[in-house]
Each structure stands twice: as C-alpha cells, then as structure tokens.
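Heads up: the structure comes next, in structure tokens.
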Amino acid sequence: MNIEEIENFICESLKEVIDVPPDELARDTTFDALGLDSISRVGLVTQLGNAVGREIDPEMAYEHGSPHRLAVHVAALLGGESNS
Amino acid sequence: MTAESATADDMAPQFTALDGMSHTIPYRHLVGMRYSYVLLSHVIPLVGALTAIALIPWMPPTVLDIAMALALWALTIGVGISVGYHRLFSHRAFRTPTAIAVVITILGSMAAQGPLIIWVSLHRRHHQFSDAPGDPHSPWLSGPGLSGWLRGFWHAHFGWLLTHDMPDPLFYAPDLLKDKTLNRTSRLFLVWYLLGLGLPALIGGVVFQSWAAALTGFLWAGCLRVAVGLQLTWSINSICHLFGRHTHDTGDHSMNLAWLAIPSFGESWHNNHHQSPAAAAFGRRWWQVDLGYLFILTLKRLGMAQEIKPPRSSTAREDAST
C-alpha cells in the first residue's frame with residue numbers, strides 16, 4: 001500500500017463517525033478534531049495493522065494524529081521492511 | 001410481524017454473529033488502561049467500603065449517609081446505568097433531549113462502570129454473540145465440569161474486565177462517537193466518577209460542619225455505594241446467565257431472576273431483555289417490577305421521552321404458549 005491507499009483506508013474506517021463521505025475528508029484533519037477517544041485510536045491502528053499485515057504500535061495514532069501523517073508513518077514502516 | 005414493529009427493530013443498532021469475530025482490539029494493547037480503571041473504579045471503592053464497615057463502632061454512618069447512598073444508588077444504577085447506558089444508549093429504546101441525555105451519562109459515569117462509549121460497545125457485542133464465542137462476559141465458555149463452571153462464573157462476574165478483547169468503538173458505537181456532546185461527556189468519565197465520590201463527602205461535611213461527617217459521607221455514599229453497585233451490575237452478567245427462569249427461547253442462557261429486580265431497577269428480567277433487546281420495558285407481566293421503565297414513563301409524562309419502543313410482537317405468542 002502506498003501513502004494514498006493507506007489514507008483512503010483510514011478515512012474509510014472512519015466513515016461512520018464523520019459528516020462527509022470518506023473520499024472528501026481532508027487528509028490532514030486531526031483525530032482530535034474527529035473526537036476519537038483512545039480506544040477508537042487503538043481500534044483504528046488495529047484495523048490498519050490487519051490490512052497491511054503488520055502490527056502497528058497504538059501510540060502511533062497519537063504521535064501521527066491525522067490520516068495523512070499516520071499514512072506517511074505506516075508507509076515508511078512498510079517501505080523499510082520491503083527494503084531490508 | 002407488523003410493519004410498525006419492523007420499523008422499531010430497524011432503528012436499534014444491533015449486530016448479528018454474521019458480522020464476524022473481528023472488530024476487536026487485542027487486550028494486550030490496553031493492559032495499562034484497564035489496570036488503571038480497575039484500580040480506580042474497583043479497588044479504591046472496595047477498600048473504602050471495607051473501611052466504612054470496620055469503622056462502624058467508632059464512626060457509624062449518619063442517617064444522611066444512608067439516605068445519600070440510597071439516592072445515589074437510584075440515580076446512578078437506576079437512572080444512569082439501567083435507563084441511560086443500557087436502554088437509552090446501547091439499545092436506543094427511546095429518545096430524549098440532549099440535555100437529559102448528558103445528565104444521564106454523567107449519572108451513569110458515577111456508577112464507576114467506565115466511559116459510556118466503552119460500556120455501549122461492550123454491551124452491543126454481548127448481544128451480538130450472547131453466550132457464544134465472542135461474548136465478552138459469558139459464564140459458559142470456560143470449559144466443562146465444576147471447575148469450568150466456577151471459572152466461568154468468575155470470568156463473567158469480574159475476570160473478563162482484565163482479559164477480554166475490547167470491541168472497537170468505531171464499529172460498535174459510531175453513533176455515540178459522532179455525537180460531539182455525548183462523546184465529550186463520555187470522555188470525562190473520570191471527572192464524573194470522582195464527583196460521585198466527592199459530592200456526598202461535601203454534603204455530609206457541610207451539613208454537620210465536621211470532617212468526620214465528610215469522611216463517612218465519602219465512605220458510605222461514595223465508596224460503599226459504588227462497590228455494591230458494581231457487584232449488582234456484574235451479577236447481571238454472571239448470575240443472570242446461570243440462575244433463574246428461561247421463559248423465552250433466546251438461544252442463549254439469559255435468565256429472569258425475581259429477587260434482583262428491585263435493586264437492579266428491572267435489569268434482572270434478563271431473559272425478557274434478550275428476547276427483545278430494543279424494548280424499553282424489561283418486565284412483561286404485571287408482577288415483574290421494572291423501576292427503570294417506570295422512570296422512562298415518568299420522563300414521557302414530562303414530555304422528555306419519545307419513541308418508546310415496545311417489545312417484539314412475538315412476545316405475545318410466546319407468552320400465550322407458556
């Protein structure tokens with residue numbers, strides 16, 4: 001998955017809690033602004049981890065707190081793996 | 001089924017086993033959070049409750065302490081948990097103005113059973129799998145024989161709090177996550193919970209102008225009230241899936257248990273509830289006392305509860321055959 005595909009996956013995962021269609025959600029909207037509580041963030045990261053086939057540290061949903069930033073981080077993780 | 005009851009069922013956020021086993025967060029990701037929760041919301045009230053009892057010879061509770069404990073019991077276990085967390089939010093059994101919903105959420109938080117959104121996620125998953133693998137707190141999944149029964153009881157009553165996988169709120173409670181006001185109220189759980197411990201201390205201290213009265217207010221109407229309330233609700237998860245009358249064939253082990261009906265505000269008509277989860281009323285017969293439903297009817301009289309959902313229409317048929 002590249003950055004854009006990961007962003008799309010994240011926004012799709014959030015579709016029930018946002019007011020706009022997932023493809024219209026600004027990729028830099030923060031998870032804070034979306035009202036995600038800590039367990040929802042862990043849930044999001046768990047779903048994303050299942051999708052990319054690699055466990056992701058739940059803390060990442062705080063350190064990288066928007067669809068775009070989280071996608072950049074996860075893409076880097078995946079890239080680092082395929083290079084090694 | 002009539003068109004009317006079909007509409008009512010459609011409005012309830014329910015999940016079936018077909019939705020699959022995923023949508024949970026492995027428990028190891030939330031270990032710190034849940035141990036903090038158990039320490040704050042279970043261990044502290046329990047220690048306080050034991051202290052309250054040990055201190056009786058020197059500092060017996062005042063009449064005010066007992067009155068505050070009973071009032072807070074009704075407000076937190078009855079209005080907060082049974083009417084609010086359970087019927088209003090988990091099952092959307094009726095509608096109420098936002099201001100009332102917020103007050104009810106605050107009262108529910110004072111019962112120390114966790115933030116609204118987490119409670120609702122767990123409860124919707126409980127109904128999705130009810131006593132089958134995936135149910136967070138079934139007493140029937142811990143193996144055969146007496147040891148399996150005992151371990152099952154412990155798991156359903158308390159053990160599950162530390163070991164179950166957490167249902168993902170993004171899947172189970174998006175309606176509440178999306179509601180900015182309720183979301184914010186839910187996340188302030190700790191504030192409301194501590195308020196529920198501190199208020200009786202403040203009232204006792206001010207009324208009697210003494211630190212001793214503040215202490216007994218805290219210990220009796222705060223800690224002991226919380227500790228017993230937790231036992232009551234966890235008993236619905238354990239005892240009400242093991243003992244009682246199974247009137248409706250619900251495909252699980254949910255039971256109706258009369259002796260818990262009054263303190264649980266109707267929650268212990270648990271087999272009735274599993275037969276028709278979206279219904280606001282848990283009692284089906286005139287003698288099945290359901291104080292929570294009486295409260296909802298009172299709200300309705302005051303114009304603060306609408307769209308109160310009736311039991312599924314099949315109830316009448318099943319009742320006629322028993």
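Every chain is numbered from 1, with letters handed out A, B, ... down the list of sequences. No experiment lies behind these values; they were computed from the predicted model shown.
A:Leu44 touches chain B through backbone and side chain together, each having a heavy atom under 4.5 Å away. Looking at A:Ile18, the atoms closer than 4.5 Å to chain B (heavy atoms on both sides) all sit in the backbone: N, CA, C or O. Neither the backbone nor the side chain of B:Leu176 comes within less than 4.5 Å of any heavy atom of chain A. At a 4.5 Å heavy-atom cutoff, A:Glu59 makes no contact with chain B through either its backbone or its side chain.
For the set A:Leu14, A:Leu36, A:Leu34, the count of heavy-atom pairs under 4.5 angstrom toward chain B peaks at A:Leu36. Contacts with chain B were tallied for A:Ser38, A:Gly35, A:Gly49, A:Ser13; A:Gly35 has the most, counting heavy-atom pairs under 4.5 Å. Per-residue heavy-atom pair counts under 4.5 Å with chain A were compared for B:Pro174, B:Ser186, B:Pro26, and the maximum is reached by B:Pro174. Comparing B:Asp179, B:Ile25, B:Leu30 by how many heavy-atom pairs each has under 4.5 Å with chain A, the most go to B:Ile25.
Aromatic rings of B:His91 and B:His127 (six-membered ring for Trp) have centroids within the 6.0 Å cut-off, being under it. Ring centroids of B:His42 and B:Tyr37 are separated by less than 6.0 Å, placing the two rings close together. Two rings, from B:Trp160 and B:Trp154, have their centers 6.0 Å or more apart.
In this structure, a donor-acceptor pair under 3.5 Å is absent between the side chains of B:His155 and B:His137.
Residue pairs meeting the salt bridge (Lys or Arg N to Asp or Glu O under 4.0 Å) criterion with at least one partner in residues 34-53 of chain A, sequence neighbours excluded, are A:Asp32-A:Arg41.
Annotation: A:Glu5, atom CD; neighbour count of heavy atoms from other residues, nucleotides and ligands within 6.0 Å is above 12.
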